[in-house]
Amino acid sequence: MAEKNIGSVKLDRILTEDKIEALDKTLQLLSKLNELGILDTVTDILEPEVIERAASLIINPSTLRIVDRIDQLTGTLGKIDYDTLEKRINLLNEALKSIPEKPKRIGLLGLLGELRDPDVQRGMGVLIELLKAIGKAAEKQQK
Amino acid sequence: MEKVVIIGGGGGGAILANLLPEREFEIVVVDREEYHIFQPGYLWIAFKGWRKEIFMKPIRSLLKPHVKFVHGEATSVDLNERKVLMKDGKELSYDYIVIATGAHLNYDVIDGNRKILDEFGDFYSTVENAEKLWNAVWRTSKGNFVIGVADPIYKCPPGPHKAAFLSSELFSRRGLKDKVKVVLALPFPHSYPSKTIADIIEPELEKRGIEIRTFFTVDSIDTENKKIVSLEGEELEYSVATVIPPHEGPQYEIKPEVKDDNNFVKIDKYTSQIEGFDDAYAIGDCTNAPTSKSGVTAHLQAEVVAERLQGYDARYSGRTNCPLITDGKGIFIISDYDHPPVPVRLSAFKRLLEDLFLTTYWGAIRYPELWQPVFHAYFNATEPGKLVELGW
């Protein structure tokens, strides 16, 4: 009997108005989580094997390397011109697809021959613009 | 139920005790100390002035309720009779024994080592000595602060380097950057035994004006003239000095003779079994395992022994993961028996991981089931064989 009294005296001291409100709200939250079945689900998920699998998905050499450079990464990703990237993504996809597994060797004569192909000519048009832009940017970088 | 006696409730013993299933084993942990100390904390106490209470917890509170804790000192272990003799005369019999009593630091080998320990404290022995060092370092306003290493075998290989970085930062913050010089005196040809790591940290040491003396094996300390003398014949003056002493294995008797010349317990480096016995193991700093003496080693060996006691063929890969921190950044020294340290980039993220480790340490010992999956994923992802040339 005496122990119960000591306990309830301690509780009285701890449970101030604001703490009762906080406790009430926490219990409301728990009640909602319980209704939605989330409490059961979380309890079920918290199995060592599940945690290990999830952990190994999140923690691997690639993610660790990325996270290690997160400040660099966000800085670099932030500088990408996304409007242009969005417009040109199809062209990029096609360009990557076109790279053959075993490329042919084409010398000067072969090149001149390929230049008769209208597709190649159009490609040359793109390449020249690319070279001009890279050349200009390289000069800018040198300064 | 088989009885497992674990001598030592430190980084290896406590985790092992909590990993063994309650239904299968009667588990007894013996330790002559009441408290488990998070040893890397000595650095924080000595160079950041943190309170020692942060790094100490009663061993009893770290062990699961079903694990028995005996606060007492073992004086003799008989591996044939399967008995541990205690100082108070009691005897503990066992079905399995695990020796996890750590390394003994011998301050009486090098002349003057004990004197400077008494005068300045250190960051390798006790929380009280770490507090003493904080005071000694704080009182220093000129001259050299020398961190020396007496023998290549010592626990936490990057310990002296961390001390150099942290003390340098402290002197900087006190405005004494140009008045006090931090000197790192090491018995190695480079600033770190591994050249890969030395190449990464040397620019950082130089940047901060920390002097590196290589090929410096401490031979004696002349406390009257405040000089440290090396075997190679060089002298180093100091205002404050700390020398990490030679380490040895358990000082108590183990029958039959299973210790090497430095008293380290001879084990199979993969299984942690004591040579010649299938019911006796040793883990952590007390063994002769050819890898760094560190908390990670003790932890991983504890996991291996826990598995083996339950009948699984688990093996320790020799994996290390020693953190080397500067003030804002850190690296991990990642190696194992088959791979030397891989190149690791100094980063703020790794420094954060070190702080996170500090805060979750106690929970990781008490609740290994929660933390094991996370640690497994991390150790798996950072296997030196996987990181290879790209490093991290």
| query | Which atom names give the shortest non-hydrogen contact between A/Asn60 and B/Ala381, and what distance separates them? | reply | CA-CB, 3.3 Å
| Closest non-hydrogen atom pair between B/Val374 and A/Ala55, with its separation | CA-CB, 4.2 Å
| said: Which one wins on heavy-atom pair count under 4.5 Å against chain A: B/Ser347, B/Ala377, B/Ala348? | reply: B/Ala377
Gap between atom [atom2] of [Y] and atom [atom1] of [X] - 0.5 Å precision:
| X | Y | atom1 | atom2 | result |
| --- | --- | --- | --- | --- |
| A/Ile51 | B/His376 | CD1 | NE2 | 12.5 Å |
| B/Leu346 | A/Asp68 | CG | CG | 9.5 Å |
| A/Ile58 | B/Tyr378 | CD1 | OH | 16.0 Å |

With a 6.0 Å cut-off (strictly less than), is the heavy-atom count around [atom1] of [X], excluding the residue itself, greater than 12?
| X | atom1 | answer |
| --- | --- | --- |
| B/Lys386 | NZ | yes |
| B/Lys64 | NZ | yes |
| A/Glu49 | CD | no |
| A/Tyr82 | OH | yes |

| Judged by atom type as modelled, is there a donor-acceptor pair below 3.5 Å linking the side chain of B/Trp392 to the main-chain atoms of A/Pro61? | no
Are the side chains of [Y] and [X] in contact, using a 4.5 Å heavy-atom criterion?
| X | Y | result |
| --- | --- | --- |
| A/Ile70 | B/Phe349 | no |
| B/Leu387 | A/Arg65 | yes |
| B/Arg345 | A/Arg69 | yes |

| message | Given heavy-atom pairs under 4.5 angstrom as the criterion, report whether the side chain, backbone, both or neither of A/Glu47 touches chain B. | response | neither
